[in-house]
Enquirer: 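Here you go, one structure.
The structure presented is a predicted model; accordingly, all values stated were derived computationally and were not measured. Numbers restart at 1 for each chain; the letters A, B, ... are given by sequence-line order, proteins then strands.
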Protein chains: 2
Amino acid sequence: MLRLSKLTDYATVILSFMARDNSHVHAAMEIASATGIALPTVSKILKLLVNANVLTSTRGAKGGYALARAPEIITIAQVISVLEGPIALTECSISQQGCEQASGCEISGSWSLINQTIYNALESLTLADLIKPLRSRDSAWTQEVLIPVASLYR
Amino acid sequence: MLRLSKLTDYATVILSFMARDNSHVHAAMEIASATGIALPTVSKILKLLVNANVLTSTRGAKGGYALARAPEIITIAQVISVLEGPIALTECSISQQGCEQASGCEISGSWSLINQTIYNALESLTLADLIKPLRSRDSAWTQEVLIPVASLYR
DNA sequence: TTAAATAGGACTAATATAGTCCGAAATAAT
DNA sequence: ATTATTTCGGACTATATTAGTCCTATTTAA
């Protein structure tokens, strides 16, 4: 229903691995063998995450990658948008003409609402939450997630 | 970030058009010219929606398509799953071996939680909501959407 | 009998995703 | 200095998915 790309999935696995041991830098090679993801693919993802300032990198021998911030303030929404781009919903792909005839443009407003809601939910979940065992979470996610949709209209 | 296919977008436009005039059946041809979407594409989508029992069809001359239920009980989650399939999140695409090494499987639990939350949100929005003008909605969506995530753990 | 529709499915084309590879630049250790 | 290690940037290929079209059969009202 909701489809995230494999690369996004890989990214969360990689970031989770790094978050569990945030005390030193990790080389791409090390991450690849720890996660079982092929090295070139790991490299590609790490580069993307560096460019998006989710990770920092050190070049040269003994170099590697590290989290740019504490896991508690790296949100899942951030991670996803690095890999999938900021594309929120489908572009209004019907022609302007057809759109006017069907009043389709009113619907696009609804889609942005839906998207905003989902974004809010993902923004409230962090990398730290992801690495906690399921039964011992204490973030908003174990409580209730309150999405104030009405505020979008104000 | 969240990517819905074009067909899903088309489907919502088509269904919205039909919901606005639910008094008689609509031929594929009529829907195509009203929405501006090419006829073969419209046909394809309508067939999918019939198979999923979102629409009913009548064959033969004066035949056409109609909503199978009132717009108030056709949820957006239903519509999306018809077009995109029930795929909730990425399959655990790392090898079993890598997964154990990285304890990646704990993460997959988090993903299903994320997905459940999004599903709940989309399940609470109906086709009727979609065709209301933005400022005059009175469903749960204009109020607050409360997602009881904690209940998933009980 | 004919015209108007949907049904089913095969098929092609277009696009996006996944994954690989290479040469260059930086840095630590020797 | 030189070498080994490692990231950087980007090009490239292969694969998979999505979008879109088309054809033939079936159904039904006039």
Side-chain angles (χ1 to χ4, degrees), chain A residues 1-11 13-14 18 24-33 35-66 68 80 82-87 90-91 93-95 98, chain B residues 1-11 13-14 18 24-33 35-68 80 82-85 87 90-91 93-95 98:
Chain A
M1 184 182 106
L2 210 190
R3 215 208 41 196
L4 295 174
S5 70
K6 276 189 182 182
L7 293 188
T8 303
D9 194 18
Y10 293 157
V13 171
I14 291 171
M18 297 177 73
H24 59 93
V25 300
H26 300 273
M29 183 66 177
E30 179 202 348
I31 296 172
S33 57
T35 58
I37 304 166
L39 177 59
T41 304
V42 168
S43 262
K44 182 182 189 171
I45 294 167
L46 291 170
K47 286 179 224 168
L48 287 169
L49 290 168
V50 168
N51 285 334
N53 293 309
V54 172
L55 297 179
T56 56
S57 63
T58 1
R59 290 171 94 160
K62 303 248 171 163
Y65 299 89
I80 293 177
V82 171
L83 278 294
E84 317 252 338
I87 309 108
T90 53
E91 66 231 301
S93 33
I94 39 172
S95 67
Chain B
M1 184 182 105
L2 209 192
R3 213 209 42 196
L4 295 174
S5 69
K6 277 191 182 181
L7 293 188
T8 303
D9 194 19
Y10 293 158
V13 171
I14 291 170
M18 294 177 74
H24 59 93
V25 300
H26 299 273
M29 183 65 180
E30 177 202 348
I31 296 171
S33 57
T35 59
I37 304 166
L39 177 60
T41 303
V42 168
S43 261
K44 182 181 191 171
I45 294 167
L46 290 171
K47 286 179 222 169
L48 287 169
L49 292 168
V50 168
N51 285 336
N53 294 309
V54 172
L55 297 179
T56 55
S57 63
T58 356
R59 291 172 92 159
K62 302 248 171 162
Y65 298 89
L67 299 182
I80 292 176
V82 171
L83 279 295
E84 319 253 336
I87 308 106
T90 54
E91 67 232 298
S93 33
I94 41 173
S95 67

Enquirer: Measure from NE2 on His26(B) to C1' on dA4(C) and round the result to the nearest Å.
Expert: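 Computing the His26(B):NE2 to dA4(C):C1' distance gives 17 Å.
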Enquirer: Distance check needed: dT17(C) P versus Ile37(A) CD1, whole Å only.
Expert: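 Between P of dT17(C) and CD1 of Ile37(A): 18 Å.
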Enquirer: In terms of the nearest nucleotide of DNA chain D, which residue is placed more toward the 5' end: Asn51(A) or Pro40(B)?
Expert: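 Nearer the 5' end of the strand: Asn51(A).
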Enquirer: For the pair made of CG in Asp9(A) and P in dG19(C), what is the distance, rounded to whole Å?
Expert: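 One finds 11 Å between P of dG19(C) and CG of Asp9(A), rounded.
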Enquirer: So how far is it from His26(B) NE2 to Ser57(B) OG, rounded to the nearest 0.5 Å?
Expert: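 Here the interatomic distance stands at 14.0 Å.
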Enquirer: For Ile14(B), which of Thr41(B), Ile45(B), Asp9(B) qualifies under side chain to side chain contact (heavy atoms under 4.5 Å, CB included)?
Expert: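 Running side chain to side chain contact (heavy atoms under 4.5 Å, CB included) over Thr41(B), Ile45(B), Asp9(B) with Ile14(B) returns exactly one hit, Ile45(B).
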Enquirer: For chain A and DNA chain D, what are the first and last nucleotides along the strand, 5' to 3', with at least one atom under 4.0 angstrom from a heavy atom of the protein chain?
Expert: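 The protein-touched segment is dT5(D) to dT18(D).
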Enquirer: From CG of Leu49(B) over to C1' of dT6(C), roughly how many Å is that when rounded to an integer?
Expert: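 About 14 Å, once rounded to whole Å.
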Enquirer: Locate the shortest heavy-atom distance separating Val42(B) from Ala28(B); write the atom from each residue and the value.
Expert: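 Smallest interatomic distance, heavy atoms only, reads CG1-O, 3.8 Å.
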Enquirer: Between dA26(C), dG8(C), dA7(C), which nucleotide has the shortest distance from any of its atoms to the side chain of Arg59(A)?
Expert: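 It is dA26(C).
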Enquirer: Rounded to the nearest 0.5 Å, how far does CD of Glu84(A) lie from CG of Leu7(A)?
Expert: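 So the gap between those two atoms works out to 8.5 Å.
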Enquirer: What contact category does Leu39(A) fall into here, base, sugar-phosphate, or nothing, at under 4.0 angstrom with non-hydrogen atoms?
Expert: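 Nothing, no heavy atom under 4.0 Å.
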Enquirer: Does Val50(A) or Lys44(A) map to a spot on DNA chain D nearer the 5' end, using the closest nucleotide for each?
Expert: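 So the residue in question is Val50(A).
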Enquirer: Which is true for Leu46(B) with a 4.0 Å heavy-atom rule: it touches a base, it touches only sugar-phosphate, or it touches nothing?
Expert: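 No contact at all - Leu46(B) keeps every heavy atom at 4.0 Å or more from the nucleic acid.
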Enquirer: Within this structure, what is the CD-CE distance for the pair Glu30(B) and Met18(B), rounded to the nearest 0.5 Å?
Expert: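 If we round to the nearest 0.5 Å, Glu30(B):CD and Met18(B):CE are 8.5 Å apart.
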Enquirer: So which heavy atom on Leu83(B) is nearest to which on Ala11(B), and how close?
Expert: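 Looking at all heavy atoms of both residues, the shortest contact is CD2-CB, 3.7 Å.
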Enquirer: Considering only distance and modelled atom types, tabulate donor-acceptor pairs under 3.5 Å from the side chains of residues 49-56 of chain A, sequence neighbours left out.
Expert:
from, atom 1, to, atom 2, distance (Å)
Asn51(A), ND2, Lys47(A), O, 3.4
Thr56(A), OG1, Ala66(A), O, 3.4

Enquirer: For the helix from dT1(C)-dA30(D) to dT30(C)-dA1(D), what angle separates the axis at the start from the axis at the finish, each from five pairs, in steps of 10°?
Expert: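 Result, rounded to 10 degrees: 10°.
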Enquirer: Out of curiosity, Ser43(B) OG to Ile37(B) CD1, how far, rounded to the nearest 0.5 Å?
Expert: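 Atom-to-atom, Ser43(B):OG and Ile37(B):CD1 are 11.5 Å apart.
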Enquirer: Once you round it to whole Å, what is the distance between C1' of dA16(C) and CG of Leu4(A)?
Expert: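 Roughly 15 Å, once rounded to whole Å.
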Enquirer: Starting at atom CG of Leu55(B), determine the distance to atom P of dA5(C), rounded to an integer number of angstrom.
Expert: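 About 17 Å, once rounded to whole Å.
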Enquirer: Mind calculating the distance between OH (Tyr10(A)) and P (dA18(C)) to the nearest angstrom?
Expert: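 Answer to the nearest Å: 8 Å.
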Enquirer: Need one value for Thr58(B): base, sugar-phosphate or nothing, where a base atom within 4.0 Å counts as base even if backbone is also close, heavy atoms only.
Expert: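 Since only primed, P, OP1 and OP2 atoms lie under 4.0 Å of Thr58(B), the category is sugar-phosphate.
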Enquirer: With a 3.5 Å distance limit and no angle check, can you tell me whether Thr8(B) reaches the backbone of Leu4(B) through a side-chain donor-acceptor pair?
Expert: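 No.
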Enquirer: Could you check Ser43(A) against Ala61(A) and say which one's nearest nucleotide on DNA chain C is further toward the 5' end?
Expert: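 Of the two residues, Ser43(A) wins.
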